[in-house]
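Have a look at the structure below, then the notes.
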Amino acid sequence: MSSSSSPAQTPSSRESVTPLIVDSSTPVRTGRAQGDGRGDPLLDGLNPQQREAVEYRGPALLIVAGAGSGKTSVLTRRIAGLLRSREAFPSQILAITFTNKAAAEMRERVGHLVGREADGMWISTFHSACVRILRREAENFGFKSGFTIYDSADSRVLLKRIIKDLDADVLGFTPANAGARISKLKNELGDVDSFARNMNVGDPNEVAFLEIFRRYTRELTAANAFDFDDLISQTVFLFRAFPHIAALYQRRFRHVLVDEYQDTNHAQYSLIRELTRPVPADVVARAGFDTPVRTGDGSIPGASLTVVGDSDQSIYAFRGADIRNIVEFERDFPGATVILLEQNYRSTQNILSAANAVISNNFDRKDKKLWTAVGDGDKIVGYTGYTGHDEAQFVADEIEKLHREGMAYSQMAVFYRTNAQTRALEEIFIRSALPYRVMGGTKFYERAEIKDAMAYLTAVVNPADALAVRRILNTPKRGIGPATETQLQNFADNAETSLREALREADTLGFGPKVAGSIRTLSALLDEATALAAQGEVSDVLTLLVTKSGLVDALRMSRDPQDEARAENIEELVAVTKEYERNNPDGTLVDFLTEVSLVAAADELDDSSGTVSLMTLHTAKGLEFDAVFLTGVEEELLPHKMSANEPGGPAEERRLFYVGITRARKKLHLSLAMSRAQFGETAVAMPSRFLQEIPDDLIEWRQSPGTARSRGGFGPGALNGPRGWKGPNNDRDGGFALPRAEKKVWPNAVTGTVRDNGDLELAAGDRIRHTDFGEGRVLAVTGEGSKRVAHVAFDAAGQKKLLIKIAPIEKL
DNA sequence: CGAGTCCTCGCGAAA
DNA sequence: CGAGGACTCG
């Protein structure tokens, strides 16, 4: 997961490890290290618990790893130990991580320890591992290995059609709620049949849902497609239905390791169970396995299982994560050993004390206290802005200050609860010429034009995929409207063939010459691309499709100014395919599509990019930064208002806050705003209850909720210093129930204003006036053209960077 | 069929 | 405020 900064690897071990192990003249130690392990690179610098976690051998091991306790280090060394001692071949190891990035990092770190040998291991996410298995075994249960993977947006499109078709919207069904319900069922390994058996047949809502679920499933099957949840559950079904196939993997993987175990759902849990099951003697005999790990009775023992997790960091209940998986591990796997890692190597004690204080408010948890030997460190910085922009300005100013003091932008991150909060942050960051990247959110691959281009590729790989064919049918516009689409679909349904095949019948379906011609051209293009895909590179196929289809041209010709950027995005996608070819010389079109389908938000993180990272608290899990800005620490946002009525909701929100806090190595900033724009209007915000759970003396308020309130002209300000603040529930004196009408009363609140300054010329020494910061003097101007940046010392607001082109400034 | 406009609704997190 | 749907007109 994260590149832990534990002393376990910092002093000298990491550098010295590589030559020691790779150098063949060094005797390879077999078996376990003797004595205290001094001199053994795998154990050097580990604390006793970590060491035990690396060395323990047995059927099942649970490592309860607190935040920052060096678990990645432990996990990689554990794997390296298995390989080094020849207890396992690389091919016998399956390690499941939460993101592809974590997988890549783990592979690299094991590689450092044992060399090229690491290449044969399966280190991947649940979803990637399942796709790999499913593609390999697809033919065994009625799928073709070129199946499409539908993301949630694809599922929603499909459900929208179905709900409309069935007029189920009048019963309150929406693509979103039906999709969530289906997802939930699948996470519990439910299917249409099991739902039908257990449903209340007298409930019209359930009857309708059954029909939606049934149609959805049928359409997925017909399209040769799996949704995200299917990837896991279908693999489990496959293993259960075909023990001899399961046995292939049960025999192969002798060591299964699972990271972030607290966030596994029931389907994932079941998958692990299936994989670590012993193979009965009769199955071994029938399969004719020739294997050394057979026991006396002819069976193959179950694989050894190692799971790592921390129930305090369980934040994916909404995705079906079941905390019981980790809590009941010892019961599930009799004979399991549990090792606790509590020493933290990441954060300062002040940060950990805050984290401990917060999380201790959750009941039903085993008490666990993180501690560190590095000392108290700086206090946590608190700030209350008047508005979201104000808060963002604080963040931007602090980031610039830290940067001037020598901290790299890439070592700073801004977290928030909801994606919508990025807007104010981005507006201010752009204006401040601050280099940043938003992780996740509206991702590249979720853009409409990229999904269009990808749909062309999908239609080539999987002609059965009606969703993909439908998407490209009239994109770009080629005169094939809804009526034509319906006719084609009807023909396909009646002839029991696919939409793709129906395209070949354009001439026989009575369309006008223009429409029929369009269809014929499209069909021919798909055929041409299919032929090319058989031997050409992915980028060639994509280029052919996006040019000959007219997709790029249509965007270029459009007068919508945003379409130019969209055309560039498609160019960018072509570049992505070329990059993919370089990295995966043997990669097929299917492989490329799979990879794209399974990229996670955190996968985009590039340490070398030199930018500040913006991300949700969920995406932040497993990462760490020198400086963290946790924004929007307000009631209704964190904890989010939707969580209030959910069982376990508030506790999970607290864990989310806890996860955010524990990402910080040295500097933690907690910020909030007194009012926040949503739905285009301003709403009053109150400080989060979680703030009160942090002892006062750990936070240094630059501007406390109390002072922010008083400066705005409400009530007795002097009394409302940091200590005077009593939290959100104290209405009279410490409260923040501002009247709705009274907004914008803060004279010095920062706004998101921008202005087009054209080619305003500024030079060092010029005096300027800024809408928000008042007057100041230009210190220097850097950059070129539209990226010119003025470094300004404001008389009252301090030093700031401004992007000249858009900053709301005038020359005096 | 398609482009344009008005209108409504929503923002919870994600592989 | 923004996306997406319904509606209208050419």
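A, B, ... follow the sequence lines: proteins, then strands. Residue 1 opens every chain.
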Has [X] got a side-chain N or O lying under 4.0 Å from the OP1 or OP2 atom of [N]?
X: A:Asn474; N: B:dG2; answer: yes
X: A:Ser643; N: B:dG12; answer: no
X: A:Ser597; N: B:dA15; answer: no

Can A:Phe318 be called stacked on B:dA13 when the rule is centres closer than 5.5 Å and an angle between planes below 30°?
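It does: the ring sits over the base of B:dA13.
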
A:Asn419, nearest nucleotide to its side chain (from B:dG12, B:dA13, B:dA15):
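Closest nucleotide among those given: B:dA13.
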
Residue A:Lys160, side-chain heavy atoms: nucleotide from B:dA14, B:dA15, C:dG5 that is nearest
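Nearest listed nucleotide: C:dG5.
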
A:Phe415 and A:His618 aromatic centres sub-6.0 Å:
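No.
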
Would the A:Phe98 and A:Tyr316 ring centres measure less than 6.0 Å apart?
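Yes, ring centres under 6.0 Å apart.
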
Separation of [N] [atom2] from [X] [atom1] (nearest whole Å):
X: A:Lys186; N: B:dA15; atom1: NZ; atom2: P; value: 18 Å
X: A:Phe657; N: B:dA13; atom1: CZ; atom2: P; value: 18 Å
X: A:Asp229; N: B:dA15; atom1: CG; atom2: C1'; value: 9 Å
X: A:Tyr316; N: B:dA14; atom1: OH; atom2: P; value: 6 Å
X: A:Ile480; N: B:dC1; atom1: CD1; atom2: P; value: 10 Å
X: A:Lys164; N: C:dA6; atom1: NZ; atom2: C1'; value: 10 Å
X: A:Phe228; N: B:dA14; atom1: CZ; atom2: C1'; value: 8 Å
X: A:Met615; N: B:dA13; atom1: CE; atom2: P; value: 15 Å

Base of B:dG12, side chain of A:Glu636 - is there a donor-acceptor contact under 3.5 Å?
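Looking at the base of B:dG12, it does not pair with any donor or acceptor on the side chain of A:Glu636 (distance under 3.5 Å).
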
Side-chain-base donor-acceptor pair under 3.5 Å for A:Gln421 and B:dG12:
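Absent.
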
B:dG12 to C:dG5 separation - C1' atoms, rounded to the nearest Å:
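Their C1' atoms lie roughly 23 Å apart.
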
Quantified in whole Å, what is the C1' atom distance between nucleotide C:dG4 and nucleotide B:dA13?
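The same atom, C1', in both gives a distance of 22 Å.
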
Assign [X] to base, sugar-phosphate, or nothing according to its heavy-atom contacts below 4.0 angstrom with the strands shown.
X: A:Glu485; answer: nothing
X: A:Ser128; answer: nothing
X: A:Thr484; answer: sugar-phosphate

Given that A:Pro482 and A:His618 both sit by DNA chain B, which one's nearest nucleotide is further toward the 5' end?
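Nearest-nucleotide comparison on DNA chain B picks A:Pro482.
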
Does A:Ala483 or A:Glu652 map to a spot on DNA chain B nearer the 5' end, using the closest nucleotide for each?
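With A:Ala483 and A:Glu652 compared, the 5'-side residue is A:Ala483.
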
Measure the shortest side-chain to side-chain distance between A:Phe491 and A:Leu488 over non-hydrogen atoms and say whether it is less than 4.5 angstrom.
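Of all side-chain heavy-atom pairs linking A:Leu488 with A:Phe491, none is under 4.5 Å.
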
Answer whether the closest heavy-atom distance between the side chains of A:Met454 and A:Leu573 falls below 4.5 Å.
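A:Met454 reaches A:Leu573 side chain to side chain.
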
Just wondering, are more than 12 heavy atoms of other shown residues or ligands nearer than 6.0 Å to NZ in A:Lys451?
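Yes, NZ of A:Lys451 has more than 12 neighbouring heavy atoms, counting only those of other groups under 6.0 Å.
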
More than 12 heavy atoms of other groups within 6.0 Å of A:Arg324 CZ
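Not buried by this count: 12 neighbours or fewer within 6.0 Å.
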
Taking the six-membered ring of A:Tyr658, is NZ or CZ of A:Arg655 closer than 6.0 Å to its centre and within 45° of its axis?
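No, cation not above the ring by the 6.0 Å, 45° rule.
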
Think A:Arg663 forms a cation-pi with A:Phe625, using NZ or CZ under 6.0 Å from the six-ring centre and within 45 degrees of its axis?
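Pair A:Arg663/A:Phe625 does not count as cation-pi.
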
Nucleotide-resolved protein contact map, nucleotides 3-11 of chain B, B/S/- at heavy-atom distance under 4.0 Å
SS-----BB

